[in-house]
Amino acid sequence: MKKELKIRDLTLRDGQQSLFATRMKQAQVDRVLPLYNNAGFYAMEVWGGAVPDSVMRYLGESPWDRLQSIKDAVGDTSKLTALSRGRNLFGYNPYPENVIEGFNRNAIETGIDIMRIFDALNDVENMKSTIRIVHENNGEADCAVCYTVDPKYTRKQKFKAMLRGKKLPGEIFTIDYFTQKAVELEKLGADMITIKDMAGLIPPSQTGKLIQRLKKELSIPVDFHTHCTPGYGLASTLMAIIHGVDIVDTALMNFAGGPAAPSFELIQIFCNKLGIDTGVNLERARDINNELRAIREELAEVDSYKQFPIEFDIANPEIPADIDALFDKAIELAKADNEAELLATTRKIEDYFNFPEPNENVKNAEIPGGMYTNMLAQLKAVNQDHLLDKVLEYVPIVRLDAGCPPLVTPTSQIVGVQAVNYVVDLNNKEKPYTNTSVQFVNLVMGKYGKTPIPIDPKFREKITGDPEEKAYTDAEYSEPENPVLKEYEFEQLAKNEKEELLLALFPSVAKPFLMGRIEEKYAEQKRKEEEAYRKAREEYLNMSPEAKTERLMEGLYNYSWMSR
């Protein structure tokens, strides 16, 4: 009997978010949905992340309608999954229990089977309520442990710390650290554990050790999720498979590689050689990928790479002998834990299939690609992009001061923005932390939860005015206004729970979106009334005088028409 590996397809959420800024229109999604029905993917990630915000903000579409349409088309042939940040859901701030409950309940009722839950600080306390609520609504809780790396300090920074008698922390993010978090989450009721490497920073050798340890310590399935940004993605996913991972996350070829996940097609070739059954209908996968190529061409304006992989039929794979041999070689190198040669070999495979080169800046800085580009954009906005290297140098210092949070959304952006502020302060001859963002203050205060290492109370007092940690409470939440619109027959802006949740989670985006829907509804109503009026008047004008008089006397027509 063949070994089995389940595939979670990321194409419609993470794939398009990583490469095309989540700009797939509903009509484009609809073109591939019939092909996904019975395609054999264990699960499809289709919602959460940036999807709810982006489809309203840029496309004027309802995120709830999108989820429902996918569920209607795919049915129960694949499990639908969504991504949420535990207490933070989609925002940069925690939300009260009733909002968390309403969001998860409605997501599951509308079609989500598996809720992937993570916390930017890996604080399991922030995940407890979501796990419970998901289970209460008959959903599965996929609890993600966010992968990150330790800060890397310069010699100068180490020397300064020594002179000040300040001890820099030793290793924090070890195999033991990630395993301990996974074990805690299993005890809390996790149905599966995902190692979620959003920045693609986990190298193959570390992947093998971590998966091996998790399979030993856990009794629930383990999923591996990574990206290809720094060039580790394909090799690390292969290493996870070699060491017995239960599920891997991939995207179909035209929505894979670069800042996105590894290509399903390349993983399938490895599985063919390893005698592993993915259960995927390869003809369906090929047909979806072909349609995605046409859709990608339509998304050229937002395509971050504009570098298409070669056309390839995974149902009838034809690969030159020398490239085929590279797959065999990569498997042997993975089994031998020869990381350097494995990475060189998988890079040759990706070169043949025309995937983007690794991002060396991200690889060397060991930070997420989105964090890197956001810091650069922030500096360019104030004409100081020449300070980028200095900012990268100070990221570890800011991160250490803030309790060493993992560099994942939203903490990666909070630390990145503050590192820019730090260097701009120095450049302006001001003291560090003269300028701080609201989010950074909240992070240091404790509003986001427990950081991996404690924050120095003196630093907390410097940033927040109080040395004591202050956790978030539901009493701090301010419910957004849901006005009654007099100009539209006293309709309420958000008319049901789903719309109220959009208003709660994305107030600045949902308000104009919901207002636009109401305006569109009344504009359509007015158009129909005017069309009916036009037809009725035309009919009236073509009547005989006697018929006109009869109709007017019946009160069916307005007398004012007689003078027109």
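In terms of modelled atom types and a separation under 3.5 Å, the side chain of Asn428 and the main chain of Val424 share a donor-acceptor contact. A donor-acceptor pair is defined here as one N or O able to donate and one able to accept, closer than 3.5 Å; no such pair exists between the side chain of Glu350 and the backbone of Phe355.
Glu136 and Arg105 are not joined by a salt bridge, as no carboxylate oxygen comes within less than 4.0 angstrom of a charged side-chain nitrogen. With respect to the salt-bridge test (charged N to carboxylate O, under 4.0 angstrom), the residues Asp456 and Arg460 do not qualify. Using a cutoff of 4.0 Å between basic side-chain nitrogens and carboxylate oxygens, Arg87 and Asp474 are scored as salt-bridged. Salt bridge annotation for Glu186-Lys181: absent, with no cationic side-chain nitrogen under 4.0 angstrom from a carboxylate oxygen. A salt bridge is defined here as a Lys NZ or Arg NE, NH1 or NH2 lying under 4.0 Å from an Asp or Glu carboxylate O, and Asp246 with Lys215 meets this definition. Under a 4.0 Å N-O distance rule, the pair Asp176/Arg213 qualifies as a salt bridge. Taking a cutoff of 4.0 Å between a charged side-chain nitrogen and a carboxylate oxygen, Arg8 and Asp142 qualify as a salt bridge. Between Glu393 and Lys156 there is no salt bridge, since no side-chain nitrogen of the basic residue lies less than 4.0 Å from a carboxylate oxygen of the acidic one.
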Kindly indicate, with the supporting measurements, whether the criterion salt bridge (Lys or Arg N to Asp or Glu O under 4.0 Å) is fulfilled by Glu125 and Lys128.
CA-CA 5 Å; Glu125 289 295 318; Lys128 276 184 177 179; 2.9 Å; yes
Evaluate the side-chain hydrogen bond (donor to acceptor under 3.5 Å, both in side chains) criterion for residues Gln16 and Thr11: first the C-alpha distance (whole Å), next the side-chain angles of each, then the deciding distance (0.1 Å), finally the verdict.
CA-CA 6 Å; Gln16 64 141 331; Thr11 302; over 6 Å; no
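When each of Asp197, Asp249, Thr237, Thr207 is paired with Thr226, the side chain to side chain donor-acceptor pair (under 3.5 Å) condition holds for Asp197 and for no other.
Tyr177 and Asn122 are linked by a side-chain donor-acceptor pair at a separation below 3.5 angstrom, with hydrogens and angles left out of the test.
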